[in-house]
**Student:** 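One structure, as structure tokens, below. Some questions next.
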Amino acid sequence: MLSAVAARKARLTQAQTVASPTKPSQPKASPLAAEPRKSPQAKPSSSSQKPPSKRKSSGPAENPPKKKKIQPRKSASERQGRYFAQQDVFKAQDNLIIVNETDSEASVAASSSSSDDELHPPRITRSSGTKSGRKCAWSPSAILADSFDEEDGDPDEQVPLDNPHSTSDAKKVPDVPRALSTFQPVWNENVFHCSDTAQKYTCLLLRTSETVALLGVYSMTVLQGSVSLAGVTLVPSTTAHPVFAPRSSPIPIVECLPRSSSSSSLSTNIHLPTQITALSPQFEAIIMLQELHTGIEGLGRICRPFDGFFSPSRWHRNQLRFDLGLDNVYFLPLQTPDVFPLLVSPQWVAAVGTVVPTSEGELDRRPVYLVRGPKNSGKSTFARLLLNKLLSRHRRVAYLECDLGQSEFTPGGMVSLNIVEQPVFGPPFSHPTIPFAAHYIGSTSPRASPSHYLDSVYALVQQYEIDVQNATLDEDLGDDDKHEHERISSSIPLVVNTMGWTKGMGADLARKVEEIITPITVFTFANPAVEDEGTHAAGPEVPLYGAGSPFIRLLDSVPPAFVNPHYTAADHRNLSALSYFHAVFPPSPSPSPYPSPSATSWDTSLPLCAQSPYEVDWRVAFDKLILTGAGMEDVVPSEVHRALNGAVVALVSYEPTTTDPENLVEPDVPPLLPYEQGAPPPLPNTSRCLGLALIRAISLSTQPRLQLLTPVPCHLLHASRALIMGELQLPIWGMLDFRTLDGGCEIAGYERGKVPYLRWGKGEGAGGDRRRVRRNLMRKGQM
């Protein structure tokens, strides 16, 4: 790529070379002769001499044809500004020409080498002579620096150029792929495949520091030693941990830890072949991998951006892979452009280790831990690590989700309190859960209803302090596993994940959430590009407000190089929503005193448009219909049924008050929906969100009917008495029929042009295009 200034120099130099042979008899003018008018003698004073004669010379040899004279170019130091006296910062920079050696324009670069400004290689360093160490101004040859970059930078830091053929070392892809697995599998030496009447499994015998990267869905049981999975230490136990490792998220790495006296013996609860038993003293750890058939792989057929995300990509198909003998489980030896490992920094592990107790005597006075930080900083990943670490010592851990856009256990749009009993190894869409308590906000941001958002968080914190924090002491563990008996059951700590909106109103809401929760420790992620966060620069551990106040532990953000750029936050949000509606939850109530069941499988055999819905009489099933969100107060009662068709609603149970109107059913009279325009949602302290549902159809005739699609178990549906509709909508992939999407023109047996709520092609008329809102406009006082 040629910069603008250097390209013009090359073009003028080439023009001089081409034009010089046309006049062989014309001698080249010297620099002094080319500009006689700039000499002091060329302009005498009018008072001392007569004005020069206006008669032209008659010599033909001295009057050549009139042509544009080519004057030699002055250096940058000789040229002066036309209007300003200060130095031009654009011209003071180095000009670059980056030309491939095989390019036909190589001659241009060679001809311009005689100019005053010397050409440089495709990489430059910041000059140390700039004033106050500030970065140089913009140049067409260099990438424009981000507005969040620091003002004072390292003068020796290299600046990458805007050249597609050369990149800096920080962004250059290494020639040799990085090894994800240092474990070298060999059949009947460190890999053994076994099968029985129930299922088949594979045992891996590992040595210290060996790593294993696996793609797919599987369950892992530790038989001997201890291993680290996604930063969590697992010891021998009968518990089979389900692991979900798609290409759309960082792959968890299994690492063998040094042998310890407490976990060196082989577990006797599982019958193993004699070969494994004989070789077990020679290895530090033994893990057993089993197939896990849940149907989650079918979500890729429904949401097409994730098609085949549990199987190897085209890069891994060309590599030699070791077959473990398990379905949907793949061994990954090397890293590829679409696979990123889940790397947990030692700083994170050390920070988590400071809050995990080793015995009941070391429990915190109020074990409440809050994680905060900007978006894309690794906040949710660290909160999951903290949750899993606490579960290694506690029997149960509470998880309060305050992030409406990237929820861990529920679809977006609600704040929820979940009680977790087993570690979770997988992205959020792999463990949808019916929360212990939740409240529906109806949007991915609390911008439209900040008061309702804060009231909901306050109600969940009060419920945790009253019903959850002090666990049931007379509970029968009923488990012969030694590790389960060693876990603390007298206290349930709380992990709080906050939203990534940290500016303006988001900063005010985050501050009020911290005041409501009053955590004992705050883990904060500082944006490395922002320096105006005064509290973030206080150090690794400092009091938040004063003596006796929470402590702040500063953590490093996730490097952008380890973030998968192929999927956006909206893609993950759509996948979580579709995973929720296709999830299958346990049909019977949970025996746990803190029920929070997770999905056990996924039914992806039929699209949502072809599944059989629940059909209820809405006059009897529901007492209230509420619309919340921006613009919902303008929906009149006569048009509310049109807004409900195909909408995502929340099923809410609440305690009716004396002010609620009663639904009177009159025969032979078309009923009206129990909708009051502009009515607020139920109070959080007297209501609970049971889950989400999709309205398939609604009828307002004398026989009113409402068709619902919901994964909420039947034993919870009878408590639902209100429908709340917010701003959330079903992803477009959920409205399509994946069975005929590749080439058919039908959706569930109907021609796609006749399917309601779907328009193929570009919309026409006012409101036909997608609504776009600009939120980056600032008032004059904010600048």
Side-chain angles (χ1 to χ4, degrees), residues 230-232 241-242 244 348 351-352 355-356 364 366-373 378-441 453 456-471 487-489 491-500 513-514 516-523 576 579-580 585 590 592-599 688-689 691:
V232 182
H241 301 281
F244 300 88
W348 288 16
V352 171
V355 299
V356 177
D364 292 328
R366 190 172 185 271
V368 178
Y369 312 103
L370 184 140
V371 183
R372 71 180 184 185
K379 176 170 48 66
S380 299
T381 303
F382 178 82
R384 192 185 310 133
L385 172 65
L386 179 60
L387 170 69
N388 292 338
K389 279 284 190 178
L390 291 173
L391 282 172
S392 63
R393 293 299 304 146
H394 292 268
R395 186 171 178 83
R396 295 184 180 91
V397 177
Y399 191 93
L400 177 58
E401 183 61 78
C402 300
D403 191 352
L404 302 179
Q406 301 291 334
S407 299
E408 182 71 26
F409 294 96
T410 60
M414 65 174 69
V415 291
S416 60
L417 179 64
N418 302 270
I419 311 299
V420 188
E421 299 183 358
Q422 294 297 333
V424 290
F425 299 106
F429 75 90
S430 63
H431 43 261
T433 305
I434 301 296
F436 177 76
H439 301 289
Y440 188 64
I441 307 300
Y453 172 76
S456 301
V457 173
Y458 179 78
L460 293 179
V461 172
Q462 292 294 318
Q463 189 167 3
Y464 163 76
E465 294 177 346
I466 296 174
D467 301 334
V468 179
Q469 183 174 3
N470 298 321
R487 297 166 67 185
I488 302 172
S489 58
S491 176
I492 299 180
L494 176 64
V495 177
V496 182
N497 183 32
T498 58
M499 59 183 177
V513 167
E514 291 185 22
I516 293 173
I517 297 174
T518 61
I520 188 174
T521 304
V522 176
F523 299 94
S576 297
S579 174
Y580 176 82
F585 294 96
S590 174
S592 173
Y594 309 99
S596 187
S598 298
R688 175 195 174 192
C689 178

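For the numbers below, each heavy atom of this structure counts, side chains included, while hydrogens, waters and symmetry mates do not.
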**Student:** Output yes when a side-chain donor or acceptor of E401 lies under 3.5 Å from a complementary backbone atom of S407, and no otherwise.
**Tutor:**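 No; zero donor-acceptor contacts below 3.5 Å.
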
**Student:** Search all heavy atoms of R372 against all heavy atoms of T498 and return the closest pair with its distance.
**Tutor:** CA-OG1, 3.2 Å

**Student:** In Å, rounded to the nearest 0.5 Å, how long is the span from CG of L387 to OG of S380?
**Tutor:** 12.0 Å

**Student:** Does CZ belonging to F585 count more than 12 external heavy atoms closer than 6.0 Å?
**Tutor:**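 Buried by this count: over 12 neighbours within 6.0 Å.
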
**Student:** Within this structure, what is the CZ-CZ distance for the pair F436 and R688, rounded to the nearest 0.5 Å?
**Tutor:** 7.5 Å

**Student:** Hey, could you give me the CD/CD1 distance between E514 and I517, rounded to the nearest 0.5 Å?
**Tutor:**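 It comes to 8.0 Å.
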
**Student:** Within the side chain of Y453, is there an N or O that forms a donor-acceptor pair under 3.5 Å with the backbone of C402?
**Tutor:**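 Yes, Y453 side chain to C402 backbone: donor-acceptor pair under 3.5 Å.
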
**Student:** Can you tell me how far apart CD (E421) and OG (S590) are? Round to the nearest 0.5 Å.
**Tutor:**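 Nearest 0.5 Å value for the CD-OG distance: 7.0 Å.
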
**Student:** Would you mind reporting whether H394 and I492 have side-chain heavy atoms less than 4.5 Å apart?
**Tutor:** no

**Student:** Within this structure, what is the CD-CG distance for the pair Q422 and N388, rounded to the nearest 0.5 Å?
**Tutor:**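 So the CD of Q422 and the CG of N388 are separated by 10.0 Å.
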
**Student:** Sequence neighbours left out, what passes side chain to side chain donor-acceptor pair (under 3.5 Å) with E465? Give chain and number order.
**Tutor:**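 Listed in chain order: R366.
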
**Student:** Table please: side-chain donor-acceptor pairs of residues 409-420 below 3.5 Å, with sequence neighbours left out.
**Tutor:**
from, atom 1, to, atom 2, distance (Å)
S416, OG, N418, ND2, 3.1

**Student:** For residues V355 and Y369, report the shortest heavy-atom separation together with the two atoms involved.
**Tutor:** O-OH, 3.6 Å

**Student:** Check for a donor-acceptor pair, side chain of T433 on one end and backbone N or O of P435 on the other, with a separation under 3.5 Å.
**Tutor:** no

**Student:** Does any N or O in the side chain of R487 come within less than 3.5 Å of the main-chain N or O of L391, such that one atom is a donor and the other an acceptor?
**Tutor:**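 Checked: pair present.
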
**Student:** Tell me every residue that passes ring pair (Phe, Tyr, Trp, His ring centres under 6.0 Å) with F523, counting only those two or more places apart in sequence or in another chain.
**Tutor:**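 Partners of F523 by the ring pair (Phe, Tyr, Trp, His ring centres under 6.0 Å) criterion, ordered by chain and then number, come out as F382.
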
